[in-house]
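To keep things clear, I will list the structure first and then write my remarks on it.
Owing to the predicted nature of the structure, the values given are computational and were not obtained by experimental measurement. Keep in mind that the numbers below use all heavy atoms, side chains included, and drop hydrogens, waters and symmetry copies. All chains are named by letter (A, B, ...) in the order of the sequence lines, taking the proteins before the strands, and each is independently numbered beginning at 1.
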Amino acid sequence: MSHPAIEVSGLAKRYVIEHEARHDNLRDTLHHAARKLWRRARWGTGFDTEEFWALRDVSFTVQPGEVVGVIGRNGAGKSTLLKVLSRITEPTAGRVTLRGRIASLLEVGTGFHPDLTGRENIFLNGAILGMRSTEIRRKFDEIVAFAEVERFIDTPVKRYSSGMYVRLAFAVAAHLEPEILIVDEVLAVGDAQFQKKCLGKMREVSTQHGRTVLFVSHQMSAIAQLCSRAILLSAGRVAHIGPTQDVLQTMMASPPLTHRPSDALDRPRITDIAVSQTALESGNLQISVSFESPHVLTRPHVGIVLTTQFGALVGGTNTNADPCRNSHPASSGLLRLHLAHPPLLPGQYRINVWFGDGDGSTEHREGAIEFYFPGLRTRPPEFRTETVGPLDMAFDWEQLPLIR
Amino acid sequence: MRLANPDSSPVPEIVLEAGRGSTHYWRDLWRYRELAGFLAWRDIKVRYKQAALGVAWAILQPAIQTVLLTFVFGKLARMPDGGLPYALIVLSGLLPWQLFTAAFSGAGNSLVGNSHLISKVYFPRLLVPISCLAVALVDFGVMLALALPVIFIFGGAPGWQLLLLPLFVLLALVIAFGAGLWITALTVKFRDFRFITPFILQIGMFVTPVGFRTDFLPNWRDLIALNPLAGVVDGVRWCLLGGRTELYLPGLGISVVIAAILLASGIGYFRRTERQFADVI
């Protein structure tokens, strides 16, 4: 077996973004098409569509039996890559050669139906993932045992706790026997013990059965444990590829982001996003979003989601959920979010920002800005956001004698 | 550990390239055939799971419709019955019409109804509308089994013509599938087409000879025959009532030709748009 299991060369995927609202009905489309034709006839271009390359010139190979991690920020193209490899969407250019049966797990419990029982869902989900019914029957007991749901196997899954649901769903997928397994961020669900079990199962699948695994995760620790090699994607391109430790280091060292305002002057737009340095130094968070608009906005609306530098979600708010003090119609201005002493560990954080008028949002920026939060107290260096999560809570230990 | 599957020993090689999605399509369709069965089984099971009346719905709905149409066409409009109990004319027309309705609306809504699968797993998308045909066929089987004794009791006396019934059923499914493929593929992009299905069915109910027989309307016959379902309904009526209505062969010919055109163009359009489904759905 000298042939690689996965061979990707020059892979690209383009999406066409329409700047106006999506045309989900025929009338809008006809109207839009007529206008586009008119513009094209006058100016020779249809300038209200923009190309977006989710992947560009991506090449790599994976040998049989290798476990390779795919990392990168939100929007770097990880999910698109997995979608192309699992044949859900077609590449725009380039070539992929896959040698072996593939199974992909982009979501836990795809096709589970809440009204069907656990038993029925095992068969349905198995068939959806590409298993034969004889194969499912053969592994049925193993799946049920792995999921630890024996007692509830004939209960509709809508009555399951979310933990049971996830366990059952992962169990079906874990018992697939493809030569190539493609897994997206599925470990983000389930409790710690089950996550450990899943990681163990994935390691077993690759080392003992010699299967090839391509694994996407935001949990750097999982990547570090499981993968020998990793691919770092950045803006749709391969930024780094090599031994996992090297790639993780490259990722951490990548330069912080700053905000670039959009140059579309005919729409409401964000002109600046700033995180106050003085506030940070005293352990507070103060985020200012400045905006400008060609017309008066009745109720300027901003949404902010805080993430770690690797894109793991931390928390979020918007001006609907937490109404803005002194909100009034304006064509320019600044909305400021105050967050006193957020219970966060020291580390690099980013924010995703939404902006619009009223309930709608017209602009959305992933990872708009990156900053260093010093934390509220000193913690041991191994307590990093990617190892223990971003929250620093008032942990309180006590030792007690046993009561006999 | 044994090998995954005996038939996977020669390592299959899959090449993905722009515009090359079709190389193994029909082979994949065959390989995934069990999934169509599972999807149909799911739909049938889920439908009856929390319905208090369960299978009774399959009887109640056509029974009420039969009474209603018999009253409207037989009593109010006094359409000619040619000596047959009018209820039988209606019942034998409703059976194929219900089959078409279920298959067509099922297939037409199938992709959007299963969008969570389309965007997360690969399988030949054609399986989704196919599974809807299976659901419609099962419903038809139940209704037919219940209707046959009624037809005997009212003196319908089906004969050897019954043996030809599967051919007409097939024709109904082909028409429903062809039209359903168009609708479902268009619905992926334009949600409007969802509203077109009930509209087509409402009009179809009247331009299809569900509640009247065509052999007593010689002036209108050729016009009615332009509707491909007219041939199907006439044919099923001919089978179920033992040849006591006339089978209009030119009309049937038109049905077959239109059905073939619908099927070929439907599959063609579906296959052409299929590769974008996951991106736009």
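Your options are A:L176, A:I128, A:L129, and the one with the most heavy-atom pairs under 4.5 Å with chain B is A:I128. When each of A:L116, A:T92, A:V8, A:V84 is scored by its heavy-atom pairs under 4.5 Å with chain B, the top score falls to A:L116.
When all heavy atoms of B:L16 and A:L85 are compared, the closest pair comes out as CD1-O, 4.1 Å. The two atoms that bring A:I88 and B:I118 nearest to each other are CG2-O, 3.5 Å, heavy atoms only.
Residues A:T110 and B:L117 are in side-chain contact: their nearest non-hydrogen atoms beyond the backbone lie under 4.5 Å apart. Contact check for A:L98 versus B:E13: no side-chain heavy atoms found under the 4.5 Å cut-off.
Only the side chain of B:R125 comes within contact range of chain A, with at least one heavy atom under 4.5 Å from a heavy atom of that chain. Neither the backbone nor the side chain of B:L127 comes within contact range of chain A; no heavy atoms are under 4.5 Å apart. Using a 4.5 Å cut-off between heavy atoms, A:E7 makes no contact with chain B at all. Neither the backbone nor the side chain of A:S9 comes within contact range of chain B, judged by heavy atoms closer than 4.5 Å. For B:D43, no part lies under 4.5 angstrom from a heavy atom of chain A.
Residues passing the ring-ring contact (aromatic ring centres under 6.0 Å, His included) test with B:W41, sequence neighbours excluded: B:F38. Scanning for salt bridge (Lys or Arg N to Asp or Glu O under 4.0 Å) contacts around A:D141 gives an empty result, with sequence neighbours left out.
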Margin query: Assess the residue pair B:D279 and A:K83 against the criterion (salt bridge (charged side-chain N to carboxylate O under 4.0 Å, His left out)); give the C-alpha distance rounded to whole Å, side-chain angles, the decisive distance to 0.1 Å, and a yes or no.
Written below: CA-CA 10 Å; B:D279 295 340; A:K83 274 194 172 179; over 6 Å; no
Margin query: Walk me through whether A:T97 and B:I14 qualify under side chain to side chain contact (heavy atoms under 4.5 Å, CB included).
Written below: CA-CA 6 Å; A:T97 312; B:I14 301 162; over 6 Å; no
Next item on the list: Go through B:D28 and A:R87 one step at a time and tell me if the salt bridge (charged side-chain N to carboxylate O under 4.0 Å, His left out) criterion holds.
Entry: CA-CA 12 Å; B:D28 274 359; A:R87 299 209 275 165; 3.3 Å; yes
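In this structure, the separation between NZ on B:K45 and CG on A:D115 is 12.0 Å, given to the nearest 0.5 Å. For the atom pair CZ of B:R33 and CZ of A:R132, the computed distance is 6.5 Å after rounding to the nearest 0.5 Å. Here the straight-line distance linking atom NE2 of A:H113 with atom CZ of B:R42 works out to 6.0 Å at 0.5 Å rounding.
In this structure a side-chain-to-backbone donor-acceptor pair under 3.5 Å is present from B:E34 to A:S133.
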